[in-house]
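One structure, pasted below without further comment.
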Amino acid sequence: MNALTSLSTQPTKRVREDGPIIGVEQLTKSYAKPKGGQFNAVDNVTFEVSAGETYAMLGPNGAGKSTTIEILEGHRKPTSGAARVLGCRPYKASPAFRARIGVVLQEATDAGELGVAESLRNLAVFYPNPRSVDEVVAAVGLEEKASARIKALSGGQRRRADVAMGLIGNPELLFLDEPTTGFDPEARRAFWELIRSLGQDGTTVVLTTHYLDEAQQLADRLGIIAGGRLIAEGTPTTIGGPEVRTPRVRWTDQEGRHEQITTEPASLIQRISDGGRREPELLEVFRPSLEDIYLQLLDHQKSVDPKPASEPRNRQDLP
Amino acid sequence: MSSSNVTASRSLNRARDPDKPWRPNTFVLGCRRTVVEIVLFNRDVASLFFILLFPILIMGLFSTVFGDEPTFGAEGDVVDPITPAQYYLPGLIALGTILSGFQNLSGYVAAERYNGAIKRLAGTPLPPLSYFIGKTGLTLYLIVTQTVLLLLFAGFVMDVPMPTDPQQWFTFAWVLLLSTGAWSMAGIAFACLAKSAQSAATLTVLPVLLLSFTSGVYFPFHRLPEWLQNIANVTPLRWTASGMRSVFLPEGWEMAEPGQAWHLGLSAVVILLWLIVGLVVVRLTFKWPPQK
C-alpha cells in the first residue's frame, strides 16, 4: 500500500441517514458448554453506531468482539436481545441488505487458487453497484499483485486482498474484524488512510482490533469488551472518564521511586523540587495513554467481576 | 427521501427504495458461480487426475493387465465372451458418478465450510441457491466430461462397441443423471457432518473404495458372497453399475445378474430413495453460513 489509497467512486458524500445505523440492545449470545452449563460469549451488550461513524471494538482475545460483529453481519443468530443494522434484523436478512454491507472476516484461507483481481471480479457481479476492480486493487496497494494467485501472497498482502473483497460491493457499512493483522507498519499506516478516506466518504465502519494505536487513529468512538460485556465506551480522548486520565508525576529520591496521581502536577513538582531549587531525579509528568487506560479498565473489570454475572454493569462515560 | 438531493442519487438508488427492493438474479449468479467452480476445479491438477481422468486410467490399466482379446465371459458361457474394456466400461461409468458426485463435492464443500469460503459468500448478496446451482453446474460438467472422455477412449482406442438403440441411450442418460444427483446430495450431506475439512478428505475415500469393490465395478457382482450382495443392494452404486451393464453389455449377459434380469425399475427406486434422503439431510444440515 505504498501509493495511496483513496476510493473515489462516490460522486458525492453519502447522505447520512438520521438516527443510528446500528442499534444493539441487551444483546446476548450463549453457547452450551461441552460439560453442561452455558457460556455467554456476548453478555447483555447495548450500544449504537451512527451513520458515518467509525466505531472500534477493543478487547482481549475471546472477549466477544468477533461474536458481536458476526451477529451484526448476520452470520450468527443472537440468543436474546435485539440487533438492528440498516433498519433490518441482520440474521437471515435479504440480499438487498447484504448489498449494503461489506464484510472482512477475521480469518479466511479460501480462494487461494484465484487471482486477486479475478476474485474481486467474481464478487463484484453479486452487487448492484460495485466499485471498479482496478480502483479497489489500487486502494489496497496490490496493483503489482493484481494477477497473482492469492495463495502466493504474503500474510499481510493476503489480508489486504481480504479488505479489498470487503470493499468491492461499495458498502455503506463496512465490518472489519481485525483487519490489520500481519501488516507491516507502513501498510498499516496506508490502511488507516484508506479507512479515513472511507469515513470521509460517509461510509460507516465497525472494526475490531487489538491495536490501541489503531483505535486511537481511526475511531470516532470505541467500546471496550471484556468477558462478553461492554465495560467502557467513549471517544479515544474521553473513554474511561476523566479520573483515569489524571496526570501522573514520577520521580526518584533517597526513599526510592514515587508515583503520584494529581490534578495539579505543577504545584506537586514545585513542592518536591523545593520551589525549583532541587532537581528530582528521573522526573516525569505524563497522562495515561489509551493503552494504559485500556489495561487499567481491564484490571478494574477483573477485580470487580471475577465471575461474570448477567446484570449489566454501569458503563462509564455515557451521557 | 431522494427527491431533494439529485447529486446523491447514486447512493440512494441502491436497494433503498422500499417499493422496488433490489434482488439478485439467482439463476444468472448461479451460472457465474458455475464458471468460477469449473475454472477452480481445472486448476487443481490432483482433482483432474483422481476425478476426471480416473476411469480412463483404470480402463487403460485393466486393458494392459488383462489384454484386449475377448476373454471375459458370463457365468456358464451362455454368451460370447467380450473384451476386458467392454466388460469394465459400465462399471467405470458408474464409478464416475460417485467420483464426480460424491468425492468431488464432499471434499470441496467440506473445505469451503472450514476455510471461510462459504462464510465469505454468505456475507455477500449471493443467494445460497446460486451456490448450489454453481455446484450442480460443476458436477454436470464433471460427469459429462468424464463420461464423454471415457466413452471416446473406450470406443476409439479400445474398440468397445457402442449401443445403437436410442432406448439404451435413454436408460444410460437417466441412470447417469439420477446417480450423480444422489451422490451429490450424499457428498454435501457428508461434508456438513464432517468435523473438519481434513477428516472429510480422509473419510471420503472410504465409501468410494469400498463400494467400488462391492458394486460390480471391479469384480463381477454375482461372484460376491450373498451377504455382501445383500449389503451392496441397499447402496446406489450397485444399481448404477447394473443399469449401465444393461446398456453396454451384449444381450444374454442379464443371465449373469442376480435373478437373471437387469431390474431397471429397482435401480430407479433405490437411487431415487438415496436422492431424496440425501436432499432431506442436506436441507437439515447445510447452514449458510456454517454455525459453530
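Proteins get letters first, then strands, A, B, ... in listed order; numbering begins at 1 in each.
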With a 6.0 Å cut-off (strictly less than), is the heavy-atom count around NZ of B:Lys135, excluding the residue itself, greater than 12?
yes

Relative to chain B, which of A:Pro95, A:Gly74, A:Ser94, A:Gly166 shows the most heavy atom pairs under 4.5 Å?
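Option with the greatest count: A:Pro95.
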
Is B:Arg32 in contact with chain A via its backbone, its side chain, both, or neither, using a 4.5 Å heavy-atom distance?
side chain

Where do A:Tyr127 and B:Trp22 come nearest, in terms of heavy atoms and distance?
C-CZ2, 4.1 Å

Might you work through the salt bridge (charged side-chain N to carboxylate O under 4.0 Å, His left out) test for B:Lys119 and A:Asp110, ending with a clear yes or no?
CA-CA 10 Å; B:Lys119 210 168 174 184; A:Asp110 62 314; over 6 Å; no

May I ask you to test the B:Arg43-A:Leu114 pair for a side-chain heavy-atom distance under 4.5 Å?
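With C-beta onward as the side chain, the pair touches.
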
Quick one: closest heavy-atom pair of B:Arg120 and A:Leu105, and the distance?
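Answer, listing the atom of B:Arg120 first, then A:Leu105: N-CD1, 3.8 Å.
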
Where do A:His75 and B:Pro289 come nearest, in terms of heavy atoms and distance?
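Distance-wise, the nearest heavy atoms are ND1-CG, 3.4 Å.
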
Side chain, backbone, both or neither: which part of B:Val39 has a non-hydrogen atom closer than 4.5 Å to chain A?
side chain

When the 4.5 angstrom heavy-atom criterion is applied to B:Ile118 and chain A, the contacting part is neither

Hey, which of A:Val104, A:Val125, A:Asn122 has the most heavy atom pairs under 4.5 Å with chain B?
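That would be A:Val125.
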
Nearest-0.5 Å distance, CZ of residue A:Phe126 to CG of residue B:Asn25:
12.5 Å

Counting only heavy atoms not in B:Phe50 (residues, nucleotides, ligands), do more than 12 fall under 6.0 Å from its CZ?
no

